[in-house]
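Residue numbers start from 1 in every chain, and the chains themselves are labelled A, B, ... in the order their sequence lines are given, proteins ahead of strands.
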Number of protein chains: 2
Amino acid sequence: MKTDTPNNHQPDMPEEINGLRMTRQRQEVYRLLTRERTHPTANEVFMRIKEALPNVSLATVYNCLEALVQHNVIRQVNFDREPSRYCSNLDEHGHFHDEKTGKIHDVKFKSGVSLADVLDLPPNTVIKDVEITLRGQLSAS
Amino acid sequence: MKTDTPNNHQPDMPEEINGLRMTRQRQEVYRLLTRERTHPTANEVFMRIKEALPNVSLATVYNCLEALVQHNVIRQVNFDREPSRYCSNLDEHGHFHDEKTGKIHDVKFKSGVSLADVLDLPPNTVIKDVEITLRGQLSAS
DNA sequence: GATTGGATCAAGAACTATTCTAATTATTTC
DNA sequence: GAAATAATTAGAATAGTTCTTGATCCAATC
(Lines give C-alpha, C1' and ligand atoms only; values in the text may rest on other atoms or scores of the structure.)
Protein backbone atom coordinates (compact mmCIF):
# COMPACT_ATOMS: atom_id res chain seq x y z
CA MET A 1 0.00 0.00 0.00
CA LYS A 2 2.89 2.31 0.79
CA THR A 3 3.99 3.71 -2.54
CA ASP A 4 6.37 6.29 -1.18
CA THR A 5 9.47 4.68 0.23
CA PRO A 6 11.34 7.53 1.84
CA ASN A 7 14.63 7.79 0.05
CA ASN A 8 14.37 6.01 -3.26
CA HIS A 9 16.18 7.31 -6.26
CA GLN A 10 13.80 8.04 -9.06
CA PRO A 11 14.59 6.16 -12.28
CA ASP A 12 14.76 9.30 -14.41
CA MET A 13 17.28 11.10 -12.22
CA PRO A 14 21.04 10.54 -12.27
CA GLU A 15 22.74 9.43 -9.07
CA GLU A 16 24.95 12.52 -9.17
CA ILE A 17 24.94 15.92 -10.81
CA ASN A 18 28.19 17.87 -10.87
CA GLY A 19 29.57 15.63 -8.17
CA LEU A 20 26.58 16.17 -5.89
CA ARG A 21 24.85 13.02 -4.73
CA MET A 22 21.22 13.34 -5.72
CA THR A 23 19.37 12.18 -2.66
CA ARG A 24 15.63 11.85 -2.80
CA GLN A 25 15.13 15.28 -1.26
CA ARG A 26 17.56 16.97 -3.63
CA GLN A 27 15.90 15.21 -6.53
CA GLU A 28 12.51 16.53 -5.59
CA VAL A 29 13.78 20.05 -5.05
CA TYR A 30 15.57 20.00 -8.36
CA ARG A 31 12.66 18.42 -10.19
CA LEU A 32 10.33 21.08 -8.86
CA LEU A 33 12.60 23.85 -10.07
CA THR A 34 12.92 22.37 -13.54
CA ARG A 35 9.19 21.84 -13.80
CA GLU A 36 8.06 25.18 -12.42
CA ARG A 37 10.00 28.06 -13.87
CA THR A 38 8.40 30.60 -11.58
CA HIS A 39 11.49 31.30 -9.46
CA PRO A 40 9.98 30.09 -6.19
CA THR A 41 11.27 30.99 -2.76
CA ALA A 42 12.58 28.39 -0.33
CA ASN A 43 9.28 28.45 1.47
CA GLU A 44 7.32 27.96 -1.75
CA VAL A 45 9.53 25.02 -2.62
CA PHE A 46 8.93 23.66 0.86
CA MET A 47 5.17 23.89 0.58
CA ARG A 48 4.96 22.37 -2.87
CA ILE A 49 7.40 19.58 -2.22
CA LYS A 50 5.39 18.25 0.67
CA GLU A 51 3.13 16.49 -1.81
CA ALA A 52 5.99 14.20 -2.73
CA LEU A 53 7.77 14.18 0.62
CA PRO A 54 5.32 14.88 3.43
CA ASN A 55 7.96 14.66 6.16
CA VAL A 56 10.46 17.01 4.63
CA SER A 57 11.61 19.92 6.76
CA LEU A 58 12.22 23.51 5.79
CA ALA A 59 15.82 23.15 6.97
CA THR A 60 16.26 20.32 4.48
CA VAL A 61 14.85 22.43 1.69
CA TYR A 62 17.38 25.12 2.56
CA ASN A 63 20.15 22.50 2.72
CA CYS A 64 19.18 21.07 -0.64
CA LEU A 65 18.93 24.46 -2.28
CA GLU A 66 22.31 25.47 -0.92
CA ALA A 67 23.94 22.24 -2.03
CA LEU A 68 22.44 22.58 -5.51
CA VAL A 69 23.55 26.21 -5.77
CA GLN A 70 27.05 25.33 -4.54
CA HIS A 71 27.39 22.67 -7.21
CA ASN A 72 26.09 24.91 -9.97
CA VAL A 73 22.97 22.87 -10.53
CA ILE A 74 20.63 25.77 -9.88
CA ARG A 75 20.98 29.52 -9.41
CA GLN A 76 19.98 31.69 -6.49
CA VAL A 77 18.37 34.99 -7.41
CA ASN A 78 17.90 37.96 -5.13
CA PHE A 79 15.68 40.99 -5.52
CA ASP A 80 16.50 43.66 -3.04
CA ARG A 81 16.03 42.10 0.36
CA GLU A 82 13.14 39.91 -0.59
CA PRO A 83 13.41 36.20 0.13
CA SER A 84 15.84 34.47 -2.20
CA ARG A 85 14.41 32.78 -5.24
CA TYR A 86 15.74 29.79 -7.12
CA CYS A 87 16.02 29.07 -10.78
CA SER A 88 17.10 26.04 -12.79
CA ASN A 89 18.02 28.06 -15.87
CA LEU A 90 21.81 28.05 -15.94
CA ASP A 91 22.28 30.10 -19.10
CA GLU A 92 23.62 33.53 -18.32
CA HIS A 93 20.57 35.71 -18.10
CA GLY A 94 18.97 38.58 -16.24
CA HIS A 95 15.64 38.89 -14.53
CA PHE A 96 12.77 41.20 -15.24
CA HIS A 97 10.43 41.74 -12.34
CA ASP A 98 6.97 42.73 -13.52
CA GLU A 99 5.51 45.03 -10.89
CA LYS A 100 1.95 44.45 -12.05
CA THR A 101 1.82 40.68 -11.86
CA GLY A 102 4.70 40.14 -9.47
CA LYS A 103 6.05 37.57 -11.89
CA ILE A 104 9.67 37.20 -12.82
CA HIS A 105 10.75 36.68 -16.40
CA ASP A 106 14.15 35.54 -17.58
CA VAL A 107 15.84 37.99 -19.92
CA LYS A 108 18.41 36.71 -22.38
CA PHE A 109 21.45 38.58 -23.54
CA LYS A 110 21.55 39.40 -27.20
CA SER A 111 24.04 37.17 -28.92
CA GLY A 112 27.44 38.59 -29.67
CA VAL A 113 27.42 41.32 -27.05
CA SER A 114 29.36 41.27 -23.85
CA LEU A 115 28.92 43.34 -20.77
CA ALA A 116 32.35 44.86 -21.27
CA ASP A 117 30.88 46.62 -24.32
CA VAL A 118 28.45 48.44 -22.11
CA LEU A 119 30.21 48.99 -18.83
CA ASP A 120 33.28 51.04 -18.03
CA LEU A 121 35.07 48.36 -16.06
CA PRO A 122 38.30 49.09 -14.25
CA PRO A 123 41.26 47.61 -16.12
CA ASN A 124 42.35 44.05 -15.30
CA THR A 125 39.06 43.06 -13.82
CA VAL A 126 38.17 39.41 -13.58
CA ILE A 127 34.41 39.11 -13.42
CA LYS A 128 33.18 35.93 -11.83
CA ASP A 129 29.52 36.67 -11.60
CA VAL A 130 27.07 39.13 -13.04
CA GLU A 131 23.61 39.88 -11.88
CA ILE A 132 21.18 42.02 -13.82
CA THR A 133 17.81 42.88 -12.43
CA LEU A 134 15.15 44.95 -14.12
CA ARG A 135 12.01 46.22 -12.54
CA GLY A 136 9.07 47.64 -14.38
CA GLN A 137 5.92 46.84 -16.22
CA LEU A 138 4.80 44.98 -19.29
CA SER A 139 2.59 47.64 -20.79
CA ALA A 140 -0.50 45.94 -22.14
CA SER A 141 -0.90 47.89 -25.37
CA MET B 1 29.53 75.29 26.40
CA LYS B 2 26.97 73.19 24.60
CA THR B 3 27.76 73.58 20.93
CA ASP B 4 25.46 70.89 19.67
CA THR B 5 21.86 72.01 19.98
CA PRO B 6 19.85 68.95 19.07
CA ASN B 7 18.04 69.86 15.93
CA ASN B 8 19.74 72.78 14.29
CA HIS B 9 19.77 73.06 10.57
CA GLN B 10 23.27 73.35 9.27
CA PRO B 11 23.86 76.48 7.20
CA ASP B 12 25.15 74.59 4.17
CA MET B 13 22.15 72.29 3.88
CA PRO B 14 18.83 73.14 2.26
CA GLU B 15 15.66 72.94 4.33
CA GLU B 16 14.22 70.44 1.91
CA ILE B 17 15.47 68.06 -0.77
CA ASN B 18 12.96 66.66 -3.22
CA GLY B 19 10.16 67.65 -0.89
CA LEU B 20 11.72 65.91 2.11
CA ARG B 21 12.29 68.11 5.13
CA MET B 22 15.95 67.86 6.00
CA THR B 23 15.94 67.41 9.74
CA ARG B 24 19.20 67.42 11.58
CA GLN B 25 19.35 63.60 11.60
CA ARG B 26 18.61 63.33 7.89
CA GLN B 27 21.21 65.99 7.20
CA GLU B 28 23.88 64.07 9.02
CA VAL B 29 22.99 60.79 7.36
CA TYR B 30 23.01 62.42 3.96
CA ARG B 31 26.21 64.35 4.64
CA LEU B 32 27.95 61.15 5.69
CA LEU B 33 26.93 59.39 2.49
CA THR B 34 28.12 62.23 0.28
CA ARG B 35 31.42 62.45 2.13
CA GLU B 36 32.17 58.72 2.34
CA ARG B 37 31.57 56.96 -0.92
CA THR B 38 32.20 53.53 0.55
CA HIS B 39 28.61 52.30 0.38
CA PRO B 40 28.19 51.87 4.12
CA THR B 41 25.54 49.71 5.73
CA ALA B 42 22.87 51.13 8.05
CA ASN B 43 24.90 49.98 11.01
CA GLU B 44 28.07 51.61 9.71
CA VAL B 45 26.18 54.86 9.20
CA PHE B 46 24.85 54.53 12.72
CA MET B 47 28.29 54.08 14.26
CA ARG B 48 29.90 56.90 12.33
CA ILE B 49 27.10 59.36 12.84
CA LYS B 50 27.28 59.12 16.60
CA GLU B 51 30.20 61.54 16.51
CA ALA B 52 27.84 64.27 15.37
CA LEU B 53 24.69 63.02 17.08
CA PRO B 54 25.57 60.95 20.14
CA ASN B 55 21.95 60.26 21.03
CA VAL B 56 20.81 59.05 17.65
CA SER B 57 19.21 55.60 17.52
CA LEU B 58 19.63 52.87 14.97
CA ALA B 59 15.89 53.05 14.29
CA THR B 60 16.29 56.69 13.36
CA VAL B 61 19.13 55.88 11.02
CA TYR B 62 16.89 53.33 9.32
CA ASN B 63 14.06 55.87 9.20
CA CYS B 64 16.32 58.51 7.69
CA LEU B 65 17.78 56.14 5.13
CA GLU B 66 14.33 54.98 4.11
CA ALA B 67 13.01 58.53 3.81
CA LEU B 68 16.01 59.56 1.72
CA VAL B 69 15.66 56.53 -0.53
CA GLN B 70 11.94 57.12 -0.93
CA HIS B 71 12.55 60.69 -2.02
CA ASN B 72 15.31 59.72 -4.45
CA VAL B 73 18.02 61.50 -2.51
CA ILE B 74 20.13 58.38 -2.08
CA ARG B 75 20.10 54.85 -3.46
CA GLN B 76 19.83 51.57 -1.65
CA VAL B 77 22.11 48.83 -2.96
CA ASN B 78 21.80 45.14 -2.22
CA PHE B 79 24.28 42.35 -2.75
CA ASP B 80 22.67 38.99 -2.40
CA ARG B 81 21.26 38.87 1.09
CA GLU B 82 23.97 40.93 2.71
CA PRO B 83 22.95 43.99 4.70
CA SER B 84 21.73 46.80 2.47
CA ARG B 85 24.22 49.48 1.56
CA TYR B 86 23.56 53.10 0.73
CA CYS B 87 24.99 55.35 -1.90
CA SER B 88 24.64 59.03 -2.70
CA ASN B 89 25.62 58.62 -6.34
CA LEU B 90 22.38 59.04 -8.28
CA ASP B 91 23.80 58.60 -11.77
CA GLU B 92 22.73 55.32 -13.28
CA HIS B 93 25.55 52.96 -12.51
CA GLY B 94 26.38 49.42 -11.51
CA HIS B 95 28.46 48.03 -8.70
CA PHE B 96 31.56 45.94 -8.79
CA HIS B 97 32.22 43.97 -5.65
CA ASP B 98 35.91 43.18 -5.26
CA GLU B 99 36.15 39.83 -3.51
CA LYS B 100 39.73 40.43 -2.38
CA THR B 101 39.28 43.75 -0.60
CA GLY B 102 35.56 43.55 0.03
CA LYS B 103 35.27 47.04 -1.41
CA ILE B 104 32.56 48.17 -3.75
CA HIS B 105 33.31 50.28 -6.80
CA ASP B 106 30.83 52.18 -8.88
CA VAL B 107 30.83 51.15 -12.52
CA LYS B 108 29.66 53.62 -15.13
CA PHE B 109 27.86 52.78 -18.31
CA LYS B 110 29.72 53.59 -21.48
CA SER B 111 28.17 56.61 -23.08
CA GLY B 112 25.80 56.03 -25.95
CA VAL B 113 24.87 52.48 -25.10
CA SER B 114 21.62 51.42 -23.59
CA LEU B 115 20.68 48.19 -21.94
CA ALA B 116 18.18 47.49 -24.68
CA ASP B 117 21.17 47.00 -26.99
CA VAL B 118 22.36 44.13 -24.87
CA LEU B 119 19.27 42.49 -23.49
CA ASP B 120 16.46 40.71 -25.27
CA LEU B 121 13.65 42.50 -23.53
CA PRO B 122 10.05 41.47 -24.06
CA PRO B 123 8.26 43.96 -26.32
CA ASN B 124 6.49 46.93 -24.71
CA THR B 125 8.49 46.80 -21.54
CA VAL B 126 8.72 49.87 -19.37
CA ILE B 127 11.84 49.62 -17.26
CA LYS B 128 11.72 51.64 -14.10
CA ASP B 129 14.84 50.45 -12.41
CA VAL B 130 17.96 48.54 -13.34
CA GLU B 131 20.43 46.95 -11.04
CA ILE B 132 23.73 45.56 -12.23
CA THR B 133 26.05 43.80 -9.86
CA LEU B 134 29.42 42.36 -10.71
CA ARG B 135 31.51 40.17 -8.49
CA GLY B 136 35.13 39.33 -9.03
CA GLN B 137 38.66 40.48 -8.50
CA LEU B 138 40.90 43.30 -9.54
CA SER B 139 43.85 41.24 -10.73
CA ALA B 140 46.99 42.99 -9.52
CA SER B 141 49.10 42.53 -12.64
C1' DG C 1 4.03 83.96 23.64
C1' DA C 2 0.96 79.76 24.45
C1' DT C 3 -1.56 76.11 21.94
C1' DT C 4 -2.35 72.66 18.85
C1' DG C 5 -1.61 69.12 15.37
C1' DG C 6 1.25 66.63 12.57
C1' DA C 7 5.83 64.99 11.73
C1' DT C 8 9.91 63.03 13.67
C1' DC C 9 12.60 60.55 16.90
C1' DA C 10 14.06 57.05 20.46
C1' DA C 11 14.01 52.60 22.71
C1' DG C 12 13.04 48.32 22.64
C1' DA C 13 10.00 44.58 21.18
C1' DA C 14 8.68 41.94 17.23
C1' DC C 15 9.28 39.90 12.80
C1' DT C 16 11.22 37.02 9.16
C1' DA C 17 14.42 34.78 6.36
C1' DT C 18 18.02 32.09 7.19
C1' DT C 19 21.56 29.43 9.71
C1' DC C 20 23.06 26.61 13.39
C1' DT C 21 22.89 22.65 16.74
C1' DA C 22 22.25 18.27 18.20
C1' DA C 23 20.12 14.06 17.61
C1' DT C 24 18.46 10.66 14.25
C1' DT C 25 18.54 8.22 10.02
C1' DA C 26 20.54 6.84 5.41
C1' DT C 27 24.22 5.55 2.65
C1' DT C 28 28.75 4.16 1.58
C1' DT C 29 32.94 1.83 2.66
C1' DC C 30 35.51 -1.60 4.69
C1' DG D 1 27.15 -6.61 8.14
C1' DA D 2 29.67 -3.09 11.11
C1' DA D 3 31.82 1.26 11.16
C1' DA D 4 32.31 5.61 9.21
C1' DT D 5 30.42 9.26 6.68
C1' DA D 6 26.82 12.09 4.93
C1' DA D 7 22.12 13.78 4.97
C1' DT D 8 17.93 14.89 7.32
C1' DT D 9 15.04 16.66 10.94
C1' DA D 10 13.14 19.73 14.52
C1' DG D 11 13.72 23.34 16.93
C1' DA D 12 16.61 27.01 18.80
C1' DA D 13 19.38 30.89 17.55
C1' DT D 14 20.78 34.76 14.72
C1' DA D 15 20.78 39.14 12.22
C1' DG D 16 18.96 42.67 9.66
C1' DT D 17 15.11 45.21 9.52
C1' DT D 18 10.49 46.86 10.76
C1' DC D 19 6.97 47.99 14.02
C1' DT D 20 4.97 50.05 18.22
C1' DT D 21 4.49 53.33 21.53
C1' DG D 22 5.35 57.31 23.86
C1' DA D 23 8.09 61.46 23.90
C1' DT D 24 9.74 65.43 21.44
C1' DC D 25 10.05 68.80 18.01
C1' DC D 26 8.32 72.25 14.79
C1' DA D 27 5.31 75.34 12.21
C1' DA D 28 1.21 77.64 12.07
C1' DT D 29 -2.24 79.66 14.30
C1' DC D 30 -4.69 82.03 18.12
Side-chain angles (χ1 to χ4, degrees), chain A residues 2 4-10 13-30 39-47 49-50 52-71 73-74 76-86, chain B residues 2 4-10 13-30 39-47 49-50 52-71 73-74 76-86:
Chain A
K2 193 173 167 194
D4 175 54
T5 43
N7 284 357
N8 267 358
H9 277 280
Q10 306 292 93
M13 184 71 68
E15 299 269 318
E16 285 196 357
I17 300 183
N18 291 356
L20 179 70
R21 218 175 85 210
M22 289 302 278
T23 64
R24 183 74 205 283
Q25 285 83 346
R26 290 176 187 156
Q27 287 173 52
E28 292 296 344
V29 169
Y30 180 54
H39 305 80
T41 64
N43 200 52
E44 285 163 358
V45 170
F46 174 55
M47 291 188 305
I49 214 177
K50 279 188 192 165
L53 299 170
N55 296 322
V56 82
S57 77
L58 180 56
T60 297
V61 170
Y62 272 105
N63 286 342
C64 291
L65 289 168
E66 194 195 335
L68 291 164
V69 168
Q70 227 77 80
H71 287 77
V73 185
I74 62 173
Q76 179 171 8
V77 182
N78 294 295
F79 298 95
D80 302 340
R81 303 214 90 246
E82 293 170 18
S84 289
R85 296 173 172 279
Y86 298 87
Chain B
K2 194 171 165 195
D4 176 53
T5 43
N7 284 357
N8 266 358
H9 278 281
Q10 307 291 96
M13 184 72 67
E15 299 269 319
E16 284 196 355
I17 300 183
N18 291 355
L20 179 68
R21 219 177 85 214
M22 289 302 278
T23 64
R24 182 74 205 284
Q25 286 82 346
R26 290 176 188 155
Q27 286 174 51
E28 293 295 344
V29 169
Y30 181 53
H39 305 80
T41 63
N43 201 53
E44 284 164 358
V45 170
F46 174 54
M47 292 190 302
I49 215 178
K50 279 189 192 166
L53 299 172
N55 297 322
V56 83
S57 76
L58 180 57
T60 296
V61 170
Y62 272 105
N63 287 341
C64 291
L65 289 168
E66 193 194 338
L68 292 165
V69 168
Q70 227 76 80
H71 287 77
V73 185
I74 63 173
Q76 179 172 7
V77 182
N78 295 294
F79 298 95
D80 301 341
R81 302 215 93 246
E82 293 170 19
S84 289
R85 296 173 173 280
Y86 299 87

Whole-Å distance separating the CG atom of B:L53 from the C1' atom of C:dA11: 16 Å
Closest approach to the side chain of B:C64, judged atom by atom: which nucleotide of C:dA10, D:dT8, C:dC9 is it? C:dC9
Could you check whether any side-chain N or O of A:R85 sits under 3.5 Å from a backbone N or O of A:N78, counting only pairs where one atom can act as donor and the other as acceptor? no
A:R21 has a side chain; which of D:dA6, D:dT9, C:dA10 sits nearest to it? D:dA6
Taking only N and O in the side chain of A:T60, is any of them less than 4.0 Å away from OP1 or OP2 of D:dT9? yes
Is any side-chain heavy atom of A:Q76 less than 4.5 Å from a side-chain heavy atom of A:L65? no
Restricting to nitrogen or oxygen on both sides, can you table the protein-nucleotides 17-24 of chain D pairs closer than 3.5 Å?
from: D:dT17; atom 1: OP1; to: A:R81; atom 2: NE; distance (Å): 3.3
from: D:dT17; atom 1: OP1; to: B:S84; atom 2: N; distance (Å): 2.7
from: D:dT17; atom 1: OP1; to: B:S84; atom 2: OG; distance (Å): 3.2
from: D:dT17; atom 1: OP2; to: B:Y62; atom 2: OH; distance (Å): 2.5
from: D:dT17; atom 1: O5'; to: B:Y62; atom 2: OH; distance (Å): 3.3

Residue pair A:M22 / A:P14: nearest heavy atoms and the distance that separates them: CB-O, 3.5 Å
Decide yes or no for A:V56 and A:Q25: does some side-chain heavy atom of the first lie under 4.5 Å from some side-chain heavy atom of the second? yes
In whole Å, what is the span from the CD atom of A:Q70 to the C1' atom of C:dT19? 13 Å
Rounded to whole Å, how long is the line connecting atom CD of B:Q25 with atom C1' of D:dC26? 13 Å
Out of curiosity, A:Y30 OH to A:I17 CD1, how far, rounded to the nearest 0.5 Å? 5.0 Å
Measure the distance from CG on B:L20 to P on D:dC26 and round it to the nearest whole Å. 15 Å
Between P on C:dT8 and CG on B:L68, what's the gap in Å once rounded to a whole number? 11 Å
Starting at CZ of B:R24 and ending at C1' of D:dC26, how long is that distance when rounded to a whole Å? 16 Å
How far does CD of A:E44 sit from CD1 of A:I49, to the nearest 0.5 angstrom? 13.0 Å
Give the rounded distance in Å between these two atoms: CZ of B:F46 and C1' of C:dG12. 12 Å
Using atom CG of B:D80 as one end and atom P of C:dT19 as the other, report the distance to the nearest whole Å. 11 Å
Can you figure out which of D:dT8, D:dA10, C:dC9 approaches the side chain of B:T23 most closely? C:dC9
Return the OG1 to CZ distance between B:T60 and B:R24, rounded to the nearest 0.5 Å. 13.5 Å
